[in-house]
Amino acid sequence: MGSKQRTYTPEFREGAVRIVIETGRPIPEVAEELGVHSGTLHSWVSRWRRNGSASSDQPTEPAPGGRLREAERAELERLRRDAAEKNKRIRELEMELPNLVVKPPRQRVVRAGSTLRHGSSPTGR
């Protein structure tokens, strides 16, 4: 039984990786949507993170002057957005915390058949 090995263009690979990186969607979800095996897309994303390109095993040359490549900048922006959203949620939860700590009301225990008067104790003493 022969295997059908599909060939994807570099543009398709880069686009698929861009969807995962920029949207933060899970690889299996994007892979199913694009009709690609999730393991294949995972390897493209890993290669992109390692080398800066989904279609090359060779690292790309760093941008001149130590600047970020476009793909690195997109991932950095996504990570900063995620961090900001999480920090906002943490602040919201911290604001709710004092409202969640509730002390139960103080209750007096009254024995059956006894009558309490103001200033008296349940034992009658």
Side-chain angles (χ1 to χ4, degrees):
M1 211 173 175
S3 67
K4 288 185 179 180
Q5 186 171 356
R6 295 179 61 183
T7 304
Y8 300 96
T9 65
E11 292 80 16
F12 179 82
R13 292 179 186 195
E14 296 289 335
V17 168
R18 192 173 305 117
I19 291 171
V20 172
I21 298 299
E22 291 177 2
T23 66
R25 291 173 48 201
I27 290 174
E29 182 182 303
V30 174
E32 183 178 348
E33 184 179 294
L34 296 175
V36 177
H37 190 274
S38 62
T40 302
L41 182 53
H42 179 76
S43 69
W44 295 346
V45 171
S46 295
R47 188 178 300 143
W48 178 86
R49 287 184 173 140
R50 191 173 52 247
N51 302 326
S53 170
S55 54
S56 172
D57 286 328
Q58 299 299 319
T60 57
E61 291 298 317
R67 293 187 176 176
L68 296 176
R69 293 184 297 259
E70 180 182 340
E72 291 171 326
R73 184 175 310 283
E75 183 176 21
L76 180 60
E77 289 173 6
R78 181 187 63 80
L79 292 171
R80 285 181 175 162
R81 275 193 313 272
D82 290 350
E85 289 173 13
K86 288 181 174 137
N87 287 334
K88 180 180 176 186
R89 182 64 180 141
I90 288 170
R91 284 191 304 277
E92 290 171 356
L93 291 172
E94 286 173 342
M95 296 292 281
E96 292 175 11
L97 186 61
N99 298 330
L100 297 176
V101 178
V102 178
K103 294 181 181 175
R106 191 169 178 211
Q107 298 178 353
R108 286 203 244 175
V109 177
V110 179
R111 293 184 185 157
S114 67
T115 307
L116 287 180
R117 290 191 181 97
H118 184 66
S120 65
S121 70
T123 59
R125 295 185 189 151

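In this chain, residues are counted from 1 in sequence order.
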Could you give the distance from [atom1] ([X]) to [atom2] ([Y]), rounded to the nearest 0.5 Å?
X: H42; Y: S38; atom1: NE2; atom2: OG; answer: 9.0 Å
X: E77; Y: L79; atom1: CD; atom2: CG; answer: 10.5 Å
X: E85; Y: N87; atom1: CD; atom2: CG; answer: 10.5 Å
X: L76; Y: R81; atom1: CG; atom2: CZ; answer: 10.0 Å

Which pair of non-hydrogen atoms, one from [X] and one from [Y], has the smallest distance, and what is that distance?
X: Y8; Y: R13; result: O-NE, 3.5 Å
X: A16; Y: L34; result: CB-CD1, 3.5 Å
X: V45; Y: V17; result: N-CG2, 4.0 Å

Are [X] and [Y] packed together at the side-chain level, in the sense that at least one heavy-atom pair is separated by less than 4.5 angstrom?
X: E96; Y: L93; value: yes
X: W44; Y: V36; value: yes
X: W48; Y: R18; value: no

Point to revise | Test: E92 and R89 ion pair at under 4.0 Å | key: yes
**Study point:** E29, CD: over 12 other non-hydrogen atoms inside 6.0 angstrom
**Key:** yes
Practice item. Kindly say whether I21 contributes a backbone atom to a donor-acceptor pair with the side chain of R78 at under 3.5 angstrom? Key: yes
